[in-house]
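Comments concern the structure below.
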Amino acid sequence: MRKSFVLTVLTGALLLSACSRPVPVPQDGTELWLAAGRPYAEVLASVQAKVDPALPAEGFHIYDDGAQRVVAAGSEAGLRYGVYALQRAEVLGQAGPGIDISEKPYYDLRLLNHWDNLDDTVERGYAGKSMWEWTSASIPEARIRHYGELCASVGLNGAVLNNVNSNPLVLDAEHIARVAKIADILREYGIRTYLSIKWTSPIALSGLKSGDPLDPKVRQWWKDKAAEIYAAIPDFGGFLVKANSEGQAGPQDYGRTHADGANMLGEAVAPFGGIVMWRAFVYSPTSPDRANQAVEEFLPLDGKFADNVIVQIKNGPVDFQPREPFSPLFGQLRDTKMMMEFQITQEYLGFSHHLAYHGTTWEECLDSDTYRDGPGSTVAKMVTAIAGVANTGQDPNFCGYFFAQSNWYAFGRLAWNPELAAEQIADEWIRQTFLKPAGVSDKTYEAKFIAPVRDMMMASREAVVNYEMPLGLHHLFGGTHYGPAPWDRLGRPDWTPAYYHKADSLGIGFDRTPTGSDNVHQYHEPLTSTYANLATCPENLLLWFHHLPWDYKLSSGRTLWDEICLHYDTGIRQVEAFRRTWDGLEPYVSPALFAEAKRKLEIQQHDAEWWRDACVGYFQTFSKRPLPSDVRPLRLPIDSLEFHQLKSDELGMPVFDDDLRAVILPPRRMMRRPQ
Ligand code: GCW
């Protein structure tokens with residue numbers, strides 16, 4: 001009797017605890033942010049869908065007509081966006097009776113740029129080989145369809161399929177036929193196909209003697225090529241061009257300008273409605289400040305570009321660093337169409353190993369005021385189109401890390417509406433990506449899972465800035481752009497960290513004030529004065545604009561040296577906090593996703609310590625100051641870092657040992673500091 005009572009009580013208690021404990025839903029991240037919503041076809045079937053040409057072409061209106069839910073849109077593409085918007089609203093609990101959502105995209109062109117090569121490698125790709133599988137006999141249709149759904153669900157409408165460091169063969173007959181097949185699939189999702197071209201294609205493919213954009217033979221070649229492409233892909237979007245940049249040929253090789261080159265291509269695609277996106281990522285090794293060069297080259301050409309040419313400008317004046325001010329070119333061109341280029345793939349933010357949510361990075365840039373036409377001339381308003389360098393590959397989850405998917409999502413959402421808040425986007429992404437466990441109330445889930453994940457994401461980019469290059473430091477990377485090499489000063493100067501940090505016994509930082517490169521004058525007032533003046537320069541850009549003594553006092557009252565040390569230490573502490581948070585989330589998330597982030601966060605912490613050891617250790621050889629008492633001591637002596645190199649795999653990813661420590665290889669001569 002007694003025994004069975006005990007058993008009954010025990011069983012009851014077990015059942016009770018099973019009921020009150022969350023039961024995570026298995027998921028592996030391969031559905032990305034479409035995991036939590038109803039399937040698209042089901043949402044579509046549940047509404048009255050109608051195309052109403054009176055609505056903006058890509059816009060939609062979701063509303064209830066009595067008991068009937070309606071999605072009306074200006075086109076088939078708009079309808080698709082509307083159905084996905086409804087799917088999202090359902091997940092967010094915003095689709096109750098009386099729903100009334102009208103939207104249209106802010107930018108007409110919302111593109112992903114894939115840096116995929118024809119041999120299936122991906123430049124700066126950290127999610128496996130090219131998702132287009134250029135070298136295989138067939139087209140990976142299922143993956144392309146999945147990609148199409150993901151892009152359409154956030155409103156992206158264009159894809160440049162291949163690397164800006166382009167292979168001319170992408171324009172041969174075989175590749176055009178292949179691209180046409182991909183375009184046929186993408187078209188179903190409202191996505192136009194574009195290609196990056198190599199300037200010297202006429203020489204490589206047809207044996208022409210020149211690439212001179214004013215040579216009639218060259219001009220005819222491009223016209224014929226455009227006609228050939230459009231015969232295969234009638235709605236082909238156009239060309240993306242990297243010319244006279246990082247060893248790529250261009251019109252300047254023939255004494256012509258960027259405008260001559262862009263306009264020649266513009267003329268070739270104009271009859272078919274195509275466009276040319278001409279990149280402003282140009283700089284020569286001899287200039288005293290790489291940050292000045294895009295304005296120096298492009299401002300004299302303002303107003304000289306054809307109507308169907310858009311100048312595509314990276315968000316910052318150097319190169320996708322963890323933090324840069326916005327590129328001053330956004331405030332300088334007035335009679336030239338401009339396009340934003342963000343980098344979704346985390347070339348400089350820990351590849352697909354680090355949690356670095358870019359919603360905040362891009363919000364900061366888009367909201368920056370250029371003052372070009374007076375106050376309120378934000379970067380978002382200066383550009384008419386937007387592109388993001390994709391982080392996709394063949395990995396089953398597309399991005400190599402489920403948290404990296406949030407950057408693809410955030411890019412799409414900001415391309416649709418640059419006024420959306422990064423925090424709202426993170427919140428939406430979490431709710432759509434993770435499946436809520438059984439046995440948890442909405443309130444508990446919100447407080448115990450959604451809020452902590454959102455907080456981690458919102459703090460993550462700043463954490464990377466702190467442990468990689470705080471206070472406006474930039475480009476402290478070694479060869480692969482994964483780890484630190486502040487000591488590196490051999491080779492092309494503007495590819496070495498020493499060019500950027502300029503550390504010496506007196507201090508550190510790049511003087512971009514009028515006493516230095518005068519980059520501040522490429523910005524409009526009040527920014528010129530704000531940046532040039534130490535009292536007003538934002539501290540997070542201090543060493544971007546100023547070279548300062550080690551004992552310079554910051555607003556905290558601490559010296560610059562102490563603050564540098566503190567920021568690196570803070571970055572590590574932030575990652576430690578992410579790890580603690582994540583460990584506490586185990587009850588709410590599938591075992592697969594839990595394990596994935598647990599491992600990656602551990603790597604991130606190791607890497608953060610490695611960055612701190614390398615940078616603080618190296619700068620200490622100049623500052624000759626002790627670490628402040630409230631930061632923790634370095635783990636590795638600077639010598640063991642400075643004279644060694646990191647082992648990486650064929651994709652450039654670092655190789656880790658069983659303890660998740662990056663594998664360090666024996667000394668390499670190149671890394672030695674000159675005496
Ligand atoms: O960020 C740098 C990268 C290169 C890239 C280049 C560019 C495609 O390190 O890999 O080349 O920028 O944007 O053209």
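One is the number of the first residue; the rest follow in order along the sequence. For ligands, and for the atoms within them, numbers begin at 1 and follow the listed sequence.
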Between the main-chain N or O of A306 and the side-chain N or O of N263, is there a donor-acceptor pair closer than 3.5 Å?
yes

Restricting to heavy atoms, the pick from E341, R124, E246 nearest atom 6 (C) of ligand 1 would be E246

*Does ligand 1 have any atom sitting under 4.0 Å from a heavy atom of R279?*
yes

One finds that the ligand 1 atoms under 4.0 Å from a non-hydrogen atom of F281 are 6 (C), 7 (C), 12 (O), 13 (O), 14 (O)

The answer for which part of N163 has a heavy atom under 4.0 Å from ligand 1 is side chain

Review point. More than 12 foreign heavy atoms under 6.0 Å from CG of D119: is that the case here?
Key: yes

Under the criterion side-chain hydrogen bond (donor to acceptor under 3.5 Å, both in side chains), I'd like the reasoning laid out for N167 against N162: C-alpha separation, chi angles, the key distance, then a yes or no. CA-CA 9 Å; N167 184 329; N162 63 319; over 6 Å; no

- With no hydrogens and no angle check, is any side-chain donor or acceptor of Q394 less than 3.5 Å from a backbone partner on S130? yes

Is it the case that the ring center of F320 lies less than 6.0 angstrom away from the ring center of F342?
no

Min over K242, E347, Q343, Q312 of heavy-atom distance to atom 14 (O) of ligand 1 lands on K242

- [ ] Indicate yes or no: at least one non-hydrogen side-chain atom of M277 is less than 4.5 angstrom from one of L111.
- [x] yes

protein heavy-atom neighbour closest to atom 2 (C) of ligand 1 works out as D319 OD2, 3.0 Å

If you scan protein heavy atoms around atom 8 (C) of ligand 1, the nearest is N165 ND2, 3.3 Å

With heavy atoms and a 4.0 Å threshold, my read on which part of K314 contacts ligand 1 is side chain

Here the atoms of ligand 1 under 4.0 Å from any heavy atom belonging to V164 are 8 (C), 14 (O)

Quick one, E297 with Q293, criterion side-chain hydrogen bond (donor to acceptor under 3.5 Å, both in side chains). Give me CA distance, side-chain angles, the key distance, then yes/no. CA-CA 6 Å; E297 282 202 38; Q293 295 184 43; over 6 Å; no

Taking only non-hydrogen atoms of H481 and a 4.0 Å limit, the atoms of ligand 1 in range are 9 (O)

| request: Determine yes or no for a side-chain-to-main-chain donor-acceptor pair under 3.5 angstrom, with S287 supplying the side chain and Y283 the backbone. | output: no

min-distance protein heavy atom vs atom 4 (C) of ligand 1 -> E123 OE2, 3.3 Å

